[in-house]
There are 2 protein chains.
Amino acid sequence: MSIEARRDVFQAIADPTRRQIINLIAHKSMNLNAIADNFQISRPAISQHIKILTECGMVVVRQEGRERFCEAKLDGLSEVSNWVDQYKQFWNEKLDSLGSYLVKIQANNPLNEESNTNQSNNQ
Amino acid sequence: MSIEARRDVFQAIADPTRRQIINLIAHKSMNLNAIADNFQISRPAISQHIKILTECGMVVVRQEGRERFCEAKLDGLSEVSNWVDQYKQFWNEKLDSLGSYLVKIQANNPLNEESNTNQSNNQ
DNA sequence: AATATATGTAAGCATTTACTTACGCAAATT
DNA sequence: AATTTGCGTAAGTAAATGCTTACATATATT
């Protein structure tokens with residue numbers, strides 16, 4: 001952690017512990033000790049991860065008495081999503097599930113022709 | 001780079017230079033010098049980045065005479081996409097555009113009720 | 001008031017990262 | 001055959017990373 005470093009979302013989620021922290025608090029705020037209980041590493045280590053996540057805007061800390069509740073702010077993930085989604089065309093799973101979903105709508109909607117074209121040049 | 005390290009896609013794309021490399025070769029294979037021409041850092045540095053990308057399966061190198069063409073294999077990005085997309089509901093832009101698209105289909109398809117539920121609990 | 005709890009932060013440390021320069025080697029060119 | 005080109009790799013280095021332990025501090029509890 002040392003001095004001061006580049007902080008961006010891509011780097012923030014590069015660490016598996018930080019991804020797990022995000023998973024933990026995505027749906028419900030937790031205080032720091034509660035988060036740390038889920039890991040084998042020390043509480044200060046978790047505190048430092050939270051600091052990093054805070055610095056890149058992915059976590060907001062709300063103080064409540066002596067506790068600090070960590071809330072996930074995952075808007076920043078859209079940056080990752082946008083970057084990755086440029087390359088959607090290079091793998092199939094996701095396209096397939098979207099495809100079958102559109103086909104399902106299509107089946108109930110024989111009048112609509114244009115959603116076909118939407119399906120093919122979506123990206 | 002030293003000895004041997006954890007290699008996963010999240011860490012691979014954490015580095016901005018590697019993301020640029022991916023951008024460069026996503027649509028057309030390039031040999032190493034051609035890639036390096038786009039950066040200020042040395043050719044060996046690029047070579048090391050390519051090695052990392054190769055180690056986590058995002059680049060395949062095809063030798064052709066003395067040249068080595070680097071081809072992007074971006075299937076691995078689906079792992080990132082899947083992880084990030086769990087949290088789609090936490091930012092709006094993407095949902096909005098998908099939402100308006102579904103609304104548009106919906107408008108042409110008054111019989112189909114279930115796509116409404118699909119829209120709300122899509123994730 | 002004394003203690004316990006929840007936390008931040010500093011300092012130290014081993015490891016990893018991202019580079020550099022120097023070199024080696026095979027394939028192409030001359 | 002000699003040289004140039006395209007590349008990998010080793011060794012060295014500064015900085016970053018991820019952790020630890022030790023300590024400080026504010027808020028609760030007793």
Side-chain angles (χ1 to χ4, degrees), chain A residues 1-25 28-72, chain B residues 1-25 28-72:
Chain A
M1 235 112 312
S2 56
I3 323 174
E4 199 56 43
R6 160 173 62 91
R7 292 282 177 247
D8 66 74
V9 183
F10 285 92
Q11 197 229 353
I13 67 171
D15 184 84
T17 302
R18 285 195 288 270
R19 288 201 299 280
Q20 284 185 255
I21 291 176
I22 289 172
N23 267 312
L24 264 176
I25 66 178
K28 119 172 131 40
S29 297
M30 294 174 73
N31 69 11
L32 203 123
N33 275 342
I35 296 173
D37 282 347
N38 293 273
F39 298 89
Q40 304 237 303
I41 60 179
S42 69
R43 181 195 50 77
I46 299 296
S47 186
Q48 285 157 358
H49 282 305
I50 292 292
K51 190 180 184 184
I52 290 171
L53 289 169
T54 302
E55 279 171 10
C56 69
M58 310 208 50
V59 163
V60 166
V61 178
R62 167 179 45 90
Q63 183 132 14
E64 203 159 302
R66 64 186 164 186
E67 295 175 71
R68 289 173 169 231
F69 285 91
C70 303
E71 182 185 355
Chain B
M1 233 113 308
S2 57
I3 321 173
E4 200 55 43
R6 163 174 60 92
R7 293 283 177 246
D8 66 74
V9 183
F10 286 91
Q11 198 228 355
I13 67 170
D15 184 86
T17 302
R18 284 196 289 269
R19 287 202 299 280
Q20 284 185 255
I21 291 176
I22 289 172
N23 267 312
L24 264 177
I25 66 178
K28 118 173 131 41
S29 297
M30 293 174 73
N31 69 10
L32 203 124
N33 275 341
I35 295 173
D37 282 346
N38 293 272
F39 298 89
Q40 303 238 304
I41 60 179
S42 70
R43 180 196 50 79
I46 298 297
S47 186
Q48 285 157 357
H49 281 305
I50 292 292
K51 191 180 184 184
I52 290 171
L53 290 169
T54 302
E55 279 171 10
C56 68
M58 309 208 50
V59 163
V60 165
V61 178
R62 166 179 46 90
Q63 182 132 16
E64 202 158 303
R66 64 186 164 187
E67 295 176 69
R68 290 176 167 227
F69 285 91
C70 304
E71 182 185 356

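Every chain is numbered from 1 and lettered A, B, ... according to where its sequence line falls, protein lines coming before strand lines.
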Under 4.0 Å between a side-chain N/O of [X] and OP1 or OP2 of [N], yes or no?
| X | N | value |
| --- | --- | --- |
| His49(B) | dT17(C) | no |
| Arg68(A) | dA6(C) | no |
| Ser47(B) | dG8(D) | yes |
| Asn33(A) | dT5(C) | no |

Separation of [N] [atom2] from [X] [atom1] (nearest whole Å):
| X | N | atom1 | atom2 | result |
| --- | --- | --- | --- | --- |
| Gln40(B) | dA18(C) | CD | P | 18 Å |
| Phe39(A) | dG18(D) | CZ | C1' | 14 Å |
| Ile46(A) | dG18(D) | CD1 | P | 12 Å |
| Gln20(B) | dC19(C) | CD | P | 11 Å |
| Leu53(B) | dA18(C) | CG | P | 11 Å |
| Ile52(B) | dC19(C) | CD1 | C1' | 11 Å |
| Ile21(A) | dC19(D) | CD1 | C1' | 13 Å |
| Gln63(A) | dA26(D) | CD | P | 11 Å |

Specify the residue among Lys51(A) and Arg66(A) whose closest nucleotide of DNA chain C lies further upstream toward the 5′ end.
Arg66(A)

Assign each of Ala45(B) and Arg43(A) to its nearest nucleotide of DNA chain C by heavy atoms, then name whichever residue's nucleotide is nearer the 5' end.
Arg43(A)

Decide if atom CD of Gln63(B) counts as having more than 12 heavy atoms of other residues, nucleotides or ligands within a radius under 6.0 Å.
yes

Can you tell me if Arg19(A) uses its side chain to pair, donor with acceptor, with the backbone of Ile13(A) under 3.5 Å?
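Yes, Arg19(A) side chain to Ile13(A) backbone: donor-acceptor pair under 3.5 Å.
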
On DNA chain D, check which nucleotide each of Pro44(B) and Ile41(A) is closest to and give me the residue with the more 5' one.
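Result of the comparison: Pro44(B).
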
Are any non-hydrogen side-chain atoms of Arg68(B) and Val61(B) less than 4.5 angstrom apart?
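Yes, close enough: below the 4.5 Å cut-off.
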
For Asn31(A) and Phe69(A), work out which heavy atoms get closest and say how close.
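Nearest heavy atoms, Asn31(A) then Phe69(A): N-CD2, 3.6 Å.
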
Contact summary for Ala36(B) and Arg43(B), nearest pair of heavy atoms
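Smallest interatomic distance, heavy atoms only, reads CB-CA, 4.2 Å.
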
Which of dC19(C), dC7(D), dT7(C) is nearest the side chain of Glu67(B)? It is dC7(D)

Has the side chain of Gln11(A) got a donor or acceptor that lies under 3.5 Å from a partner of the other kind on the base of dT17(C)?
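Such a pair does not exist between side chain and base.
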
